[in-house]
Amino acid sequence: GCTAKHFNYPDPTVRIENLESSVRYLTTLRPTRSYDHPEAMRKSATYISQKFAEYGLVPTEQKFMAGNQPYVNIIASAGPQQGKRLVVGAHYDVFGDLPGADDNASGIAGLLEVARFAKAHEAELPYRVDFVAFALEEPPFFRSEQMGSYVHAEFLHKDKVEVRGMICLEMIGFFTDAKNSQTYPLSLMRLFYPPTGNFIAVASNLGSSSLAKQVCQHLQATGMPVATLKAPAFVRGMDLSDHRNYWKFGYDAVMVTDTSFYRNSTYHTKNDTIDTLDFKRMQKVINGVCWSLLKIE
């Protein structure tokens, strides 16, 4: 964890009904929003763009090709145009013909609410924040240069953009109070980390630990239990999302996650449905991310 400091926070006004309606929309698309259903990918992207616009942001499309098909990242910004940037990102594609409520409709629903908060508190943001909804995080593109997040991180690098850090929202909706519901990539970790899957984790590589510590503090301020998992990128499970591509280009990046298959047995199955999500706890997680954007140094 991290030591809590006292900050003055505004009320984040994260709306559970918004989180639910985004998850519901994305999980009920047929065919599913997977790479081989371009029309469903397009519908998802359009939904995200419309929400950004509804919240007063200006969405743009970052187009790229993968396997002879065009895909898009959707990007919107808030805050001061000059100076360093923060990136908050989540992937909107799903693995196979599955609903993908936790993975990763939860992250997109969170991203949209954080963007809505950031626009409302734009004058208080210390950095410009780029909100990015990524295409193609899932296999067969995972770990390839066709991941939407690779395309975005590479673009920032080539453009010599100064990036304060990146926060990846990857599966943020599954929590349980069942005993011994939490597993870990290394059995040794059981000695140091909670056995119950009721916390949110902030995973970082060794270089991103100051960012991780700050995000952890703001998440903790919501009353949510938080665990920080710091390890080299090669430890199994540490790089299993879009933050990995920011590490690759030398940027600080953290993943905010319910720890995926280390806790959620519905991962990559047809049972990853909206009714398995805990929107009350998810709301707290999003509150903490909102506060992070205002306070990260």
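Every value quoted in this text rests on a predicted model; they were computed, and no experiment measured them. The first residue of the sequence shown is numbered 1, and numbering continues consecutively from there. Side chains included, hydrogens not; waters and symmetry mates left out as well; all remaining heavy atoms used.
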Q. Measuring from Phe134:CZ to Ile108:CD1, what's the distance to the nearest 0.5 Å?
A.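 Spacing of CZ (Phe134) from CD1 (Ile108) equals 9.0 Å.
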Q. In Å and rounded to the nearest 0.5 Å, what is the CE to CG distance from Met171 to Asp103?
A.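 Going from CE on Met171 over to CG on Asp103, the span is 4.5 Å.
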Q. What do the steps show when you test Val254 against Met166 for side chain to side chain contact (heavy atoms under 4.5 Å, CB included), and what is the final call?
A. CA-CA 6 Å; Val254 300; Met166 185 269 181; over 6 Å; no
Q. So which pairs with a foot in residues 270-294 pass ring-ring contact (aromatic ring centres under 6.0 Å, His included), sequence neighbours left out?
A.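 Matches after skipping sequence neighbours: Tyr9-Trp291.
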Using 4.0 Å as the upper bound for N to carboxylate O, is an ion pair formed by [Y] and [X]?
{"X": "Glu39", "Y": "Lys43", "value": "no"}
{"X": "Lys119", "Y": "Glu122", "value": "yes"}
{"X": "Lys248", "Y": "Asp239", "value": "no"}
{"X": "Arg263", "Y": "Asp258", "value": "no"}

Q. Run the side chain to side chain contact (heavy atoms under 4.5 Å, CB included) check on Ile200 and Met224 step by step: do they pass?
A. CA-CA 7 Å; Ile200 191 75; Met224 193 69 193; 4.0 Å; yes
Quick check: [Y] with [X] (ring centres under 6.0 Å apart)?
{"X": "Tyr35", "Y": "Tyr71", "value": "no"}
{"X": "His157", "Y": "Phe249", "value": "yes"}
{"X": "Tyr262", "Y": "Tyr184", "value": "no"}

Q) In a check of side-chain contact (heavy atoms from CB on, under 4.5 Å) between Arg33 and each of Ser44, Pro99, Pro38, which one passes? A)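 Testing Arg33 for a side-chain contact (heavy atoms from CB on, under 4.5 Å) against Ser44, Pro99, Pro38 leaves exactly one candidate, Ser44.
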Q: Apply side-chain hydrogen bond (donor to acceptor under 3.5 Å, both in side chains) to Asn245 and list each qualifying residue two or more places apart in sequence or on a separate chain.
A: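 Asn245: side-chain hydrogen bond (donor to acceptor under 3.5 Å, both in side chains) contacts with Ser149.
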Q.
Quick check on the hydrophobic clustering: are Met255 and Tyr193 connected, directly or via other members, by side-chain heavy-atom contacts under 4.5 Å?
A.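 No, no single cluster joins them.
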Q: State plainly whether one hydrophobic cluster holds both Ile296 and Leu219, where clusters connect Ile, Leu, Val, Met, Phe, Trp and Tyr through side-chain heavy atoms under 4.5 angstrom apart.
A: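 Same cluster.
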Q: In sequence, state the C-alpha distance, the side-chain angles, and the governing distance for Ser77 and Asp130, and then conclude on side chain to side chain donor-acceptor pair (under 3.5 Å).
A: CA-CA 4 Å; Ser77 303; Asp130 288 354; 2.7 Å; yes
Q. How are the rings of Tyr246 and Tyr251 set to each other: parallel, tilted or perpendicular (split at 30° and 60°)?
A.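 Judged by the thresholds at 30° and 60°, the geometry between Tyr246 and Tyr251 is tilted.
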(Q) side chain to side chain contact (heavy atoms under 4.5 Å, CB included), that's the test. Do Arg85 and Val129 meet it? Break it down for me. (A) CA-CA 6 Å; Arg85 278 186 224 181; Val129 187; over 6 Å; no
Q: Decide side chain to side chain contact (heavy atoms under 4.5 Å, CB included) for Asn18 and Arg116; before the verdict, give the C-alpha distance in whole Å, the side-chain angles of both, and the deciding distance to 0.1 Å.
A: CA-CA 10 Å; Asn18 289 357; Arg116 189 174 69 80; 3.5 Å; yes
(Q) Determine whether Glu137 and Arg143 satisfy the following criterion, salt bridge (Lys or Arg N to Asp or Glu O under 4.0 Å), listing intermediate values before the conclusion. (A) CA-CA 8 Å; Glu137 186 267 354; Arg143 292 191 195 283; over 6 Å; no
Q | Under 3.5 Å donor-acceptor, His243 side chain and Met238 backbone | A |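 Looks like yes, one N/O pair under 3.5 Å.
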Q) Does any N or O in the side chain of Thr27 come within less than 3.5 Å of the main-chain N or O of Thr273, such that one atom is a donor and the other an acceptor? A)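 Flag not set: sc Thr27 to bb Thr273 has no pair under 3.5 Å.
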Could you list the donor-acceptor pairs under 3.5 angstrom formed between side-chain atoms of residues 47-55 and any protein atom two or more places apart in sequence or on another chain?
from  : atom 1 : to    : atom 2 : distance (Å)
Tyr47 : OH     : Ser22 : OG     : 2.9
Ser49 : OG     : Ala45 : O      : 3.1
Lys51 : NZ     : Glu54 : OE1    : 3.3

